[in-house]
2 protein chains.
Amino acid sequence: MSASRDSSGYSQLLQAISNALPDLRNSERKVAETVLADPSFALEANVAGLARASNVSEPTVIRFCSALGFDGFSSFKLRLAQAVALGLPISQSAIGIDDTIDELTAKIFDHSINALDQARKAMDTAAVGAAVQAILASREILFVGFGASGIIAQDAQQKFALFGRPCAAPIDLHQQYIAASTSSPDTVVVAISNTGTTAAVIDVARRARERGATVIGVTGTSAPLLAECDISLIVRTDEDTDLHTPTVSRLAGLVLIDVLATSVAMALGVDHLHNLSTMKEALAQFRSNESETKTDPDIDRPAASVGRIQEEQ
Amino acid sequence: MSASRDSSGYSQLLQAISNALPDLRNSERKVAETVLADPSFALEANVAGLARASNVSEPTVIRFCSALGFDGFSSFKLRLAQAVALGLPISQSAIGIDDTIDELTAKIFDHSINALDQARKAMDTAAVGAAVQAILASREILFVGFGASGIIAQDAQQKFALFGRPCAAPIDLHQQYIAASTSSPDTVVVAISNTGTTAAVIDVARRARERGATVIGVTGTSAPLLAECDISLIVRTDEDTDLHTPTVSRLAGLVLIDVLATSVAMALGVDHLHNLSTMKEALAQFRSNESETKTDPDIDRPAASVGRIQEEQ
DNA sequence: CATTCCATGTAGTGGAATTACAGGAGCGTG
DNA sequence: CACGCTCCTGTAATTCCACTACATGGAATG
């Protein structure tokens with residue numbers, strides 16, 4: 001298996017090395033193990049150093065790189081650098097009971113970054129474009145979902161409400177179904193379910209479609225829900241392998257919402273901007289002007305204090 | 001100014017080059033501009049190639065690297081590779097009206113990844129540890145916040161509810177205040193506000209503290225809210241520079257919640273695990289078993305279909 | 001037991017990064 | 001306005017490092 005399939009996220013390199021272990025020659029495997037044991041050491045090292053650390057000769061290091069599908073040591077190192085920048089995915093560095101807070105923090109951030117890296121590589125931008133068009137053509141938007149996907153729905157509702165068209169994300173199952181039942185061909189329904197198998201969401205999608213609404217499905221994988229949808233947005237992330245793996249699909253889903261919202265904002269253009277900033281300025285009144293506000297929140301970040309518009313909408 | 005301050009996120013490299021522009025010599029600046037114009041070209045190139053592309057001599061390229069604080073060309077290229085892996089932050093590649101969906105998607109994902117990269121570098125793990133201890137010692141947890149921060153509160157509530165202790169995240173302002181007013185020394189209140197200036201959140205924090213509760217403040221910068229808190233968690237991300245910049249602080253906040261939840265789960269240990277998996281299995285009943293479920297959602301991902309526990313809680 | 005093939009190390013080579021040095025442009029000063 | 005100094009910037013030489021050709025040793029197989 002070649003490790004240089006660039007479509008599969010920079011972070012997959014270490015995983016690819018692990019997978020390739022059985023196919024490698026004995027001494028090449030020593031190199032692989034040295035790299036896996038301490039990727040950042042391998043980054044600093046040159047061929048000679050990595051050879052010494054692995055107790056093999058220099059050509060073996062080169063052969064190791066070739067075996068993985070790289071042109072040479074340098075190109076291997078570049079890819080390794082990218083993998084290290086993103087951090088190790090959970091699959092590569094499992095979370096353990098005895099991890100310190102530092103380790104745990106690093107691992108979870110790394111894993112989250114990796115998930116977004118994967119999602120961005122796998123995103124179907126044509127479908128995103130279709131979704132944007134559908135939203136632009138709509139008169140009202142309904143977001144539905146439960147659990148973690150419900151959080152995404154709430155977030156989406158907050159963002160799209162700024163565009164000034166009716167926009168709902170009921171939490172209650174019945175309300176979701178009612179909203180779907182009163183939808184029209186002018187409605188866009190965004191049905192969110194990471195599994196794509198949540199029965200209630202499928203029901204809502206089907207109901208809305210019967211009413212002529214355009215249904216956009218957001219799932220983590222190709223799933224039954226998408227059969228009930230006009231547009232399929234698949235947000236592919238690592239599987240959540242065990243109970244304690246943080247739920248990264250949710251993050252990728254939120255970024256997708258950002259993409260949609262930003263695209264719509266761009267399409268709406270400049271005149272819409274004015275309304276938006278007026279509204280955001282109005283929100284500023286909810287901020288504190290108390291006496292203990294002596295410590296300017298931005299005192300340590302001079303660049304930010306000019307014309308900054310906060311996001312706490 | 002040295003660009004090799006490793007504490008400041010891999011992605012800061014291009015920003016650092018931009019900042020260094022005025023301090024560079026004329027011909028070095030040409031190199032800098034070539035790199036900024038097309039970072040991925042610079043990645044593939046060697047000294048000669050980069051020199052030719054910049055219309056300067058090879059030593060000038062080396063001097064450029066030295067001027068930025070690197071040992072040489074190779075170490076510069078490694079850092080550049082890492083910056084490219086993370087993608088360009090918005091500050092480096094602004095979103096424009098004429099961006100295609102592809103470009104927009106790439107930019108927003110890149111920007112989000114960058115934000116998490118920054119946040120992970122800036123995270124105060126000692127404070128995280130203190131927060132985990134406080135939560136473990138508590139009998140009930142209250143999450144408060146509005147807008148985007150309210151989304152984080154909802155998400156946190158979903159996660160911490162799994163630990164089997166009373167756990168609330170009222171949306172309603174009055175309910176938040178009431179909950180704070182009925183809190184006790186056994187309560188942990190997590191007050192979330194990206195600006196750290198939201199008056200209502202500050203009020204709630206103060207009220208809870210008067211009642212003896214332990215208050216954990218989550219903000220995006222050092223802010224007035226933290227004065228009312230026992231433990232300060234600052235989730236530092238890029239400022240959201242303009243209206244159409246996606247709100248990344250929210251993502252980093254969610255990852256912080258993941259860190260807290262995972263840490264608590266680890267501390268609770270194995271016996272807690274059993275309850276958790278029982279509960280998750282019970283949730284499976286909400287999934288569809290319909291006839292059109294012919295297309296197995298996991299059909300294209302064999303590894304995932306074994307004993308997978310879904311996250312749609 | 002012999003032979004062949006494959007893995008791995010040794011030694012050498014080519015190329016790339018780096019350094020030493022010299023020419024030249026710009027600027028300040030007499 | 002001219003002279004000289006300083007600081008760039010390119011040329012040429014050097015050193016280091018990745019990579020290749022080849023040889024040796026061991027394992028597997030007949």
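Just so we're on the same page: letters track the sequence lines, and every chain starts at 1.
Each side-chain hydrogen bond (donor to acceptor under 3.5 Å, both in side chains) pair with one or both residues in residues 40-50 of chain B, not counting sequence neighbours, appears once here: Asp38(B)-Ser40(B).
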Reading nucleotides 8-23 of chain C 5' to 3', which nucleotides get B (base under 4.0 Å from a protein heavy atom), which S (sugar-phosphate only), which -? BBB-----SSBB----
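In this structure Ser54(A) satisfies the side-chain hydrogen bond (donor to acceptor under 3.5 Å, both in side chains) test together with Thr34(A), sequence neighbours excluded. Partners of Arg52(A) according to the salt bridge (Lys or Arg N to Asp or Glu O under 4.0 Å) rule, which considers only residues two or more places apart in sequence or in another chain, do not exist here. In this structure Lys107(A) satisfies the salt bridge (Lys or Arg N to Asp or Glu O under 4.0 Å) test together with Asp99(A), sequence neighbours excluded. Listed by chain and number, the residues in a side-chain hydrogen bond (donor to acceptor under 3.5 Å, both in side chains) with Asp102(B) are Thr125(A) (sequence neighbours excluded). In terms of the side chain to side chain contact (heavy atoms under 4.5 Å, CB included) criterion, residue partners of Ile152(B) (sequence neighbours excluded) are, by chain and number, Ile192(B), Leu254(B), Ile257(B). Listed by chain and number, the residues in a side chain to side chain contact (heavy atoms under 4.5 Å, CB included) with Ser74(A) amount to none (sequence neighbours excluded).
With hydrogens and angles disregarded, no donor-acceptor distance shorter than 3.5 Å links the side chain of Asn194(A) to the backbone of Arg250(A).
Here the P atom of nucleotide dC19(D) and the CZ atom of Phe64(A) are 13 Å apart, to the nearest Å.
When the local axes at the two ends of the helix from dC1(C)-dG30(D) to dG30(C)-dC1(D) are compared, using 5 base pairs at each end, they differ in direction by 10° after rounding to 10°.
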